[in-house]
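In what follows, chains are A, B, ... by sequence order, proteins preceding strands, each numbered from 1. All of these numbers come straight from a predicted model, not from anything done at the bench.
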Protein chains: 2
Amino acid sequence: MAVSIRDVAERAGVSVGTVSNVLNKPDRVSEAVATRVSDAIRELGYVRNDAARQLRAGRSSSVGLVVLDARNPFFTDVARGAEDAAAEHGVAVLLGDSDEKPEREAAYLDLFEEQRVRGVLVSPLGDIRDRLQRLRALGAPVVLVDRMAEDSSLSSVSVDDVAGGRTAVAHLLETGRRRIAFVGGPLGLRQVADRLAGAQHAVAAVPDAQLEVLEGSALSVSEGRRMGEQLVARDPAERPDAVFTANDLLAVGLLQALVMRGGVRVPDDIALIGFDDIDFASATIVPLSSLRQPSRLIGQTALGILLEEADDPTLAPRQVVFQPELVIRESSAG
Amino acid sequence: MAVSIRDVAERAGVSVGTVSNVLNKPDRVSEAVATRVSDAIRELGYVRNDAARQLRAGRSSSVGLVVLDARNPFFTDVARGAEDAAAEHGVAVLLGDSDEKPEREAAYLDLFEEQRVRGVLVSPLGDIRDRLQRLRALGAPVVLVDRMAEDSSLSSVSVDDVAGGRTAVAHLLETGRRRIAFVGGPLGLRQVADRLAGAQHAVAAVPDAQLEVLEGSALSVSEGRRMGEQLVARDPAERPDAVFTANDLLAVGLLQALVMRGGVRVPDDIALIGFDDIDFASATIVPLSSLRQPSRLIGQTALGILLEEADDPTLAPRQVVFQPELVIRESSAG
DNA sequence: TCTCCTCGTTGAAACGATTCATTACCCTTC
DNA sequence: GAAGGGTAATGAATCGTTTCAACGAGGAGA
């Protein structure tokens, strides 16, 4: 059924080795033979079998990317950056969405191992250091995305989340707010923990400021809505006067609950700032202040490092850290 | 370097065939041998080589999915639905983002062909009927997503875009609007053309109603912003009194431009309705009316059909069409 | 005419898993 | 004790490609 290189060789009256050369090293082959082979390929509708190539080569020409949540525009932007860089190098990106579930993350890593991918980009969820070391040992470099490596045995491309958290809350404090709430979770996620740590630094620097931590279970719009309803259910006097959410999706959900169901005025009653500065941030009911990450650049950079390490496994791991940028809009004005 | 099944066999003191049986047909193997082999696998850190499996099996255990725009929440929801269904069947989904570029679409289809995927889900961009027929001939069934098949030689899962367009514009007309604008593009995209056709039907049914078509080049937020600025630049008397956009991303961008830069009141000056009902639609400056598509269900259904056809190639192609549902919010109220 | 090069082509080996016909072994049963 | 039957394990063949040592033809130089 399937047309193989052998059929092409027969049709063109040459050996299989020659067909392979036409495909992979055209300069080693005479022009007459090359056109004869190309014709045969076209006539038979031959398509290379990637599995056989990979088997022979010992590795695939794809790289794997596992993101925490493909519905989060931040990660789709990262993915797009990675794809841009990959396309330049003729490499394909296999995208896996762990959906913040450790078992899905593990399943994708298994898949990538079995596929013998060239390397893996991952925004890790659980504690998978062992897995990642193993991948490295297997010859597939690993680059952490959106999270700095704890030890220096792995490369990473991330944003300074602590600085971002500090900047966000310092901004809220500057506008006169004192009863700050941090909304985000799970705190097991490094990004969340770091942004919270930054927030705590900022609050500690101002004597009469206080910080309340509301830990949620996911970084999604619906979770934000849920947290917002909790706030709305409180006596108004018990509510914070400013909220910093761990990302923009939470902020969007929170905003829906506060403004539309709770009748809370933003920013008058409660100021709000998010993280990521996704495209939608400027289009929300009340345009959202946020910390911008260079998401596409993160993806590009990470893939570049990955390919460099794949080519030269002796390279020392690198940690690249970008600084987030404060974008002030109406939700935290005055 | 790499540990193969042969190393495992040696370590466990059995033949390679037996190791393979432990992995694939555990019931054919005695318990004693099974544990001995499992131990060897663990000790050596053996990982299956998928390329070799595929080569032998003649096909991979993945399916391909090409979406028009991975940044559009509608498509990430479709993708997630497909992944849900795939996970149940132990199949992996390779996600490709054509980014509305025909060459990227072609590149992903090439990749999927070479990978000998079990089948392909695609929301087609250019005219790729030949490619798809070829895939089918190669043994990989194809299911069109978000677009009905023109002929009945392919299966498809879609939404009735004509009905959706008609419903949207009929709703605008009911609220008293008469000078309707359709914003969307490129018109070469079937979904866009169909939604426009529906809009035209609705307008044709009301004597003094008129429809203006503003064709854009992409279905993105930034393109929506650009179109919005064009409207804002007009003399207010020359503006439409209602806009139907081909999807919600356009509507979000349009809203930003109209309200924030143009000082236009929505819905008072211009009513607005989008398509898809993405999560963000209810969180925009002015909550957005839209037509809801069962996006996740579309993905699940498409993948289900794909796997059925992969198992039994003689099955007749099926066309599943869902009906979109009108969701009225503030942007088109009264 | 003979030797030496070069260039183009050949064909067999190898990659690692699965499959299946064959073999080995043990237990019944007569 | 021999024959028969059932279960487990074996190992060679196979998938489709790439690689590389070997080969052959044709030309240049002596």
Salt-bridge test for B:Asp84 and A:Arg104: reply yes if a basic N is under 4.0 Å from a carboxylate O, no otherwise.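 Salt bridge between B:Asp84 and A:Arg104, a charged N being under 4.0 Å from a carboxylate O: yes.
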
Ion pair check, A:Arg80 and A:Asp77, cut-off under 4.0 Å: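 No salt bridge links A:Arg80 with A:Asp77.
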
For [X] and [N], what is the distance between atoms [atom1] and [atom2] respectively, to the nearest whole Å?
| X | N | atom1 | atom2 | answer |
| --- | --- | --- | --- | --- |
| A:Asp50 | D:dT17 | CG | P | 10 Å |
| A:Gln115 | C:dA17 | CD | C1' | 15 Å |
| B:Arg59 | D:dG16 | CZ | C1' | 18 Å |
| A:Gln54 | C:dA14 | CD | C1' | 16 Å |
| A:Arg48 | D:dC15 | CZ | C1' | 18 Å |
| B:Asn49 | C:dT18 | CG | C1' | 13 Å |
| A:Ile5 | D:dG16 | CD1 | C1' | 8 Å |
| B:Leu55 | D:dA13 | CG | C1' | 13 Å |

With respect to the side chain of A:Ser20, which nucleotide from C:dA17, D:dT19, C:dG16 is positioned closest? D:dT19

Distances for protein N or O near nucleotides 22-28 of chain D N or O, under 3.5 Å:
none

B:Glu114, CD: over 12 other non-hydrogen atoms inside 6.0 angstrom: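 Counting neighbours around CD of B:Glu114, more than 12 heavy atoms of other residues, nucleotides or ligands fall under 6.0 Å, so yes.
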
Does A:Glu10 CD have over 12 foreign heavy atoms under 6.0 Å away? no

Look at the side-chain N and O atoms of [X] and state whether any lies under 4.0 Å from the OP1 or OP2 oxygen of [N].
| X | N | answer |
| --- | --- | --- |
| A:Lys25 | D:dT18 | no |
| B:Ser4 | C:dG16 | no |
| B:Asn24 | C:dT18 | yes |

Between the base of C:dT18 and the side chain of B:Arg56, is there any donor-acceptor pair under 3.5 Å?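 Under the 3.5 Å cut-off, the side chain and the base do form a donor-acceptor pair.
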
Tell me whether A:Ser155 contacts the main-chain N or O of A:Arg318 through its side chain, where contact means a donor paired with an acceptor under 3.5 Å. yes

Answer with yes or no whether the side chains of B:Ser62 and B:Gln115 bring together a donor and an acceptor at under 3.5 Å.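 Per modelled atom types, B:Gln115 and B:Ser62 side chains form no pair under 3.5 Å.
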
Does a donor on one side chain and an acceptor on the other come within less than 3.5 Å for A:Ser38 and A:Thr35?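 A:Ser38 vs A:Thr35: no donor-acceptor pair found between side chains.
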
Smallest heavy-atom separation, B:Arg147 atom then B:Ser156 atom, equals O-CB, 3.4 Å

Report yes if the side chains of A:Phe322 and A:Thr301 come closer than 4.5 Å at any heavy-atom pair, otherwise no.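 Yes, at least one pair of side-chain atoms sits under 4.5 Å.
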
Sub-3.5 Å pairs of nitrogen or oxygen atoms, protein against nucleotides 7-12 of chain D:
residue	atom	partner	partner atom	Å
D:dA9	OP1	B:Ser30	OG	2.8
D:dA9	OP2	B:Ser30	N	3.1
D:dT10	OP2	B:Ser15	N	2.8
D:dT10	OP2	B:Ser15	OG	3.1
D:dT10	OP2	B:Thr18	OG1	2.6

